[in-house]
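A, B, ... follow the sequence lines: proteins, then strands. Residue 1 opens every chain.
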Amino acid sequence: MDRYDPIKIEQKWQQIWADTSAFKATEQNGTPKMFLAEMFPYPSGAGLHVGHVRNFTIVDVLTRFYAQQGLNVLRPFGYDTFGLPAENYAIKTGIAPQEVTKTNIDNFRTQAKRLGFAIDWSREINTSDPEYYRWTQWCFLQLYKKGLAYQKESYQWWCPVDQTVLANEQVENGKCWRCGHEVEKKKMKQWFFKITEYADELLESIDSLEWPDKIKTMQKNWIGRSIGAEIDFHLTDSQKITVFTTRPDTIMGATFLVVAPEYAGLDYLLTDDTREEVLAYKSAALKKSEIERQENKEKTGVFTGSYAINPATKEKIPIWVADYVLAGYGTGAIMAVPAMDDRDREFAEAHNLAIVETELVDRDLYGTPKTMYKMRDWLISRQRYWGCPIPIAYDSEGDPHPIPEDQLPVMLPEVKDYQPDSSGRSALAKATDWLKVKVYNEKTGKIEEMTRETDTLDGYACSSWYLWRYASPHDTKAAWDPEAIRYWEPVDIYVGADHAVAHLLYIRFWCKFFADEGYLPFREPIKKLIYHGYINAPDGKKMSKSKGNVIDPLDVINDGYGADTLRTYEMFIGPVELDAAWDPRSVGGVYRFLNRCYNLLDSISDIDNNITIRNKTIKKVTTDIHKYNFNTAVAALMEYVNELYKTGACHEDLVALAKLLKPFAPHLASEMLERLDANDEWPTWDDKYLVSDTVELVIQVNGKLRAKLTLDASDLDDEEKIKSLALADPRIAKYTADGIKKSIFVPRAKLLNLVV
RNA sequence: GCCCGAGUGGCGGAAUUGGUAUACGCGUUCGACUUAAAAUCGAAUGGAGCGAUCCAUAUGGGUUCAAGUCCCAUCUCGGGCACCA
């Protein structure tokens with residue numbers, strides 16, 4: 001017969017799937033649903049990389065597996081398109097981000113189709129499509145109405161290269177997550193989402209999720225709840241400093257107070273003698289980069305000139321300012337207990353402050369109980385062009401007003417000059433016509449001309465609700481259709497390799513908010529999460545253009561291996577949660593395996609020799625996919641094929657093989673099933689075929705393997721018989737000449753251990 | 001510094017509740033087919049030894065009839081957090 005020609009077979013089936021809209025999903029009441037999704041990609045100019053392929057293939061294996069089992073499966077696809085790369089490209093080339101985005105999406109779609117993914121292409125979404133971001137703006141307005149979107153002036157992380165502020169979650173080791181440049185602090189008025197409102201629930205409900213412990217722990221640490229108390233230290237009868245502490249019981253040892261350089265009431269504490277020195281210290285601290293603060297943990301600080309009374313000891317204690325106290329946490333002021341706290345002791349020793357051993361007192365004696373979180377509110381303003389416009393306008397007094405919902409979307413205007421500047425306003429500030437808008441002013445009761453907000457939304461806002469959009473992606477009346485939501489959502493299995501705290505925390509926050517508003521009938525958006533590892537270059541290093549070690553998945557297909565080999569290889573490469581290094585020779589091994597599957601069609605035996613291993617393989621592959629052990633599922637199929645080569649494959653053997661293979665190599669499997677005249681219904685096994693008539697019994701002496709006996713399965717009930725058979729065996733007898741002390745028989749393990 | 005996770009052949013990795021360590025794949029070697037090569041098919045492959053055997057799951061202890069798996073220390077690597085009071 002003909003040779004295995006993956007390119008030909010794959011083209012044929014991709015055409016069939018396209019022509020028949022094979023993966024279109026519709027609600028079917030009475031049929032159990034399964035909603036699967038990957039973290040949708042940012043469509044870069046480079047096209048799909050092997051990491052995308054791993055991500056999408058995991059989803060695809062599960063999609064096809066559940067579909068073959070008769071579930072009503074939804075597997076949509078979309079593009080997360082707002083963001084810096086397209087805008088930076090526009091600044092460099094003058095080509096509009098809208099245009100580049102379209103080109104890149106087209107390329108991604110074409111490439112994804114060549115991989116044979118079972119995607120419902122009628123549900124494609126794109127976050128920079130006005131029909132989509134119209135509803136992102138609607139989401140913003142719902143949060144705004146409830147006071148969960150608000151403006152605040154404060155010190156924020158600012159990236160001087162990208163010329164925008166960043167959320168806490170987007171600062172990695174003091175550097176910008178996009179360009180890697182050190183971030184600075186800048187005082188600006190910015191928009192926030194009040195995620196802290198849900199801190200307790202985000203923390204407490206996380207244990208109910210079937211997510212990897214690693215992610216759960218990271219989120220818990222990020223939220224960082226501390227239970228303690230706030231305590232007032234009075235300077236005078238009317239002036240006080242409130243501190244937060246987790247150890248109010250150590251107050252007897254509090255020998256001084258420390259406030260952060262940014263502390264709001266700092267000025268009041270200064271005296272003529274100290275003012276100059278303290279202000280110099282403050283401006284130096286603000287200039288320090290986060291990197292410098294991290295590297296240099298020396299405890300610097302200066303005395304403010306003021307004193308407060310310790311309410312427990314009634315002692316007058318000095319107030320210092322030091323940058324080891326953080327402005328953004330607690331009250332920005334602490335009581336220092338150098339006898340108990342390492343950092344306070346270091347500071348006290350460096351500045352000759354009193355250290356007194358403390359006796360513990362009752363926790364509630366001097367303060368009021370208070371819970372504090374490390375998590376801050378989510379900063380969402382971005383001073384960049386290529387993002388979702390914030391639907392807000394300002395009146396002549398600078399007060400914000402929401403754009404009415406019936407005027408959405410606030411379209412992102414086309415501009416010529418995308419370059420941001422250090423003024424703190426995006427390129428949208430130059431779109432002078434667009435800036436003007438007439439909005440009703442509830443203060444004056446009139447429609448007035450106002451000025452639009454020129455910041456755009458953090459891209460994470462766009463991805464905080466897209467999983468719900470998938471349920472009714474073309475809805476023009478609402479962000480999502482409640483009926484479709486009730487049927488499909490929440491997501492059953494979500495697959496990704498990134499965004500452990502940012503995206504996966506934000507989407508949980510929005511879910512809880514919209515549940516409270518009555519728009520969602522559940523409080524957690526994602527039941528199960530598969531967090532897979534990266535694929536590295538053959539040398540084990542991260543793939544990168546500059547190192548020239550990038551493997552292009554399309555090259556693998558075009559080299560003649562085909563998509564099925566690529567997909568199956570990436571599932572076989574190792575445990576799903578671990579990083580793996582690309583091995584071009586192993587790709588060849590998987591190709592050989594698929595080739596062997598195909599060639600089995602040439603000689604179909606009439607005799608069924610393989611009932612046991614067939615049933616065993618069906619069981620193994622089924623349970624492995626349920627456990628996401630894709631690598632061992634593929635290994636089981638390889639073992640099965642090796643066996644079929646030895647014993648000869650009958651029709652039923654091959655049908656089972658093709659069905660089990662289909663999630664991994666759908667084109668080849670479809671071809672095989674067609675030639676075998678079979679459907680793709682997932683096969684079942686019968687445990688009665690898994691027990692054979694004879695069993696191999698392991699005989700150990702002192703725990704070491706010494707012999708194997710083949711017996712009738714029924715003999716496993718007869719311990720005495722087994723023992724005498726073992727003792728009679730010459731390989732055993734030579735160890736047991738002096739008799740045995742005891743014997744342990746384990747029928748479950750088919751094992752007999754003799755102790756001499 | 002703190003919190004997780006992981007250390008198994010030449011390599012990627014398998015191993016129900018503790019129960020035959022090294023499945024599967026790569027690589028290597030040999031053989032068949034071929035004028036030859038590729039492809040394909042078959043066989044061998046943890047180390048030492050002629051052998052019976054002995055030694056091997058990061059290191060050192062422990063529990064057990066039995067430990068890759070459980071317990072205690074130590075080392076190495078990866079990830080996260082990092083002055084959060």
### Task
Between B/rA85, B/rG42, B/rA15, spot the one nearest the side chain of A/Y645, thanks.
B/rG42
### Message
Considering every strand and a 4.0 Å limit on heavy-atom distances, what is the contact class for A/K734: base, sugar-phosphate, or nothing?
### Response
sugar-phosphate
### Polar side-chain atom of A/D377 near backbone of A/I195 as donor-acceptor pair, under 3.5 Å
yes
### Task
Find the distance A/Y591:OH to B/rU40:P and express it as a whole number of Å.
8 Å
### Query
Any cation-pi pair here, A/K299 with A/Y324, using under 6.0 Å and within 45°?
yes
### A/N599 (side chain) donor-acceptor with A/N595 (main chain) under 3.5 angstrom
yes
### Task
With A/K542 as the cation and A/Y534 as the aromatic partner, state whether NZ or CZ is under 6.0 Å from the six-membered ring centre and within 45° of the axis.
yes
### Message
With rounding to the closest Å, how many angstrom separate the C1' atoms on B/rA58 and B/rC50?
### Response
34 Å
### Query
Quick one: is B/rA85 close enough that its OP1 or OP2 comes under 4.0 Å of any side-chain N or O from A/Y329?
yes
### Task
Tell which nucleotide pairs with B/rU76, taking only Watson-Crick or G-U wobble pairs whose two distances are both under 3.5 angstrom.
B/rA6
### Message
As a test of reading the structure: which of B/rU20, B/rC54, B/rC65 is closest to the side chain of A/R706, going by heavy atoms?
### Response
B/rC54
### Query
In whole Å, what separates the P atom of B/rG46 from that of B/rA21?
14 Å
### Query
Between A/D687 and A/K619, is there a salt bridge with N-O shorter than 4.0 Å?
yes
### Task
For B/rC4 versus B/rG9, give the span between their C1' atoms, rounded off to a whole number of Å.
29 Å
### Task
Pick the C1' atom in B/rU63 and in B/rC71, then give their distance to the nearest Å.
7 Å
### Task
Using whole Å, report how far CG of A/D5 lies from P of B/rA39.
18 Å
### Query
So what does A/G589 touch, heavy atoms closer than 4.0 Å: a base, only the sugar-phosphate, or nothing?
sugar-phosphate
### Query
Just to confirm, is there a sub-4.0 Å distance from OP1 or OP2 of B/rC26 to any side-chain nitrogen or oxygen of A/R592?
yes
### Query
Between atom NZ in A/K616 and atom C1' in B/rU16, what is the gap in whole Å?
14 Å
### Task
Please state whether the phosphate of B/rA82, meaning OP1 or OP2, lies under 4.0 angstrom from any side-chain nitrogen or oxygen of A/N221.
no
### Query
Whole-Å distance between B/rA66 P and A/L751 CG?
13 Å
### Task
Considering only atom P, compute the distance from B/rA85 to B/rG18 and round it to an integer number of Å.
39 Å
### Query
Rounded to whole angstroms, how far apart are CD1 on A/I215 and P on B/rG5?
13 Å
### Message
So, OP1 or OP2 of B/rG42: does either fall under 4.0 Å of a side-chain N or O from A/R596?
### Response
yes
### Message
Could you go through A/L379 and A/L166, starting from their C-alpha distance and side-chain angles, then the distance that decides it, and tell me whether this counts as side-chain contact (heavy atoms from CB on, under 4.5 Å)?
### Response
CA-CA 7 Å; A/L379 169 56; A/L166 298 167; over 6 Å; no
### Task
Output the distance between atom CG (A/L566) and atom OG1 (A/T57), rounded to the nearest 0.5 Å.
6.5 Å
### Query
Nearest of B/rC24, B/rC3, B/rA14 to any side-chain atom of A/A635?
B/rC24
### Message
For a quick test of reading the model: is some side-chain N or O of A/N631 closer than 4.0 Å to OP1 or OP2 of B/rG12?
### Response
no
### Message
What's the gap between B/rG10 and B/rU28 when it is taken at their C1' atoms, as a whole Å value?
### Response
9 Å
### Message
Using a 4.0 Å heavy-atom cut-off, does A/K708 contact any base of the nucleic acid, only the sugar-phosphate backbone, or nothing at all?
### Response
base
### Task
Could you let me know what B/rA39 is paired to, Watson-Crick or G-U wobble, both distances under 3.5 Å, or none if it's on its own?
none
### Message
Distance check, C1' atoms only: B/rG60 and B/rA67, in whole angstrom units.
### Response
16 Å
### Query
Picking from B/rG79, B/rA85, B/rC26, which would you name as closest to the side chain of A/K214?
B/rG79
### Task
Give A/V755 one of three labels, base, sugar-phosphate or nothing, depending on what nucleic acid heavy atoms sit under 4.0 Å from its own.
sugar-phosphate
### Query
Heavy atoms under 4.0 Å, any strand shown: does A/Q700 hit a base, just sugar-phosphate, or nothing?
base
### Query
Is A/N642 touching bases, backbone alone, or none of the nucleic acid, heavy atoms closer than 4.0 Å?
sugar-phosphate
### Query
A/L705 CG to B/rA52 P: how many Å, rounded?
14 Å
### Query
How long is the line joining CD1 of A/I732 and P of B/rU53, in whole Å?
10 Å
### Message
With a 4.0 Å limit, can you tell me whether A/K742 has a side-chain N or O closer than that to the phosphate oxygens OP1/OP2 of B/rC65?
### Response
yes
### Query
For the base of B/rC83, is there a side-chain donor-acceptor partner from A/K299 under 3.5 Å away?
yes
## Note on the structure
To the nearest angstrom, the CZ-P distance between A/R585 and B/rG10 comes to 16 Å
#### Entry: Short side-chain N/O contact from A/K374 to OP1 or OP2 of B/rG80, under 4.0 Å
no
### Query
Of all the choices, B/rA14, B/rC26, B/rA85, which nucleotide is nearest to the side chain of A/T245 once you look at every atom?
B/rA85
### Message
Check the phosphate of B/rA85 against A/S226, side-chain N and O only, distance under 4.0 Å to OP1 or OP2. Yes or no?
### Response
yes
### Message
Nearest to the side chain of A/T632, heavy atoms from C-beta on, is which of B/rA15, B/rA66, B/rA85?
### Response
B/rA15
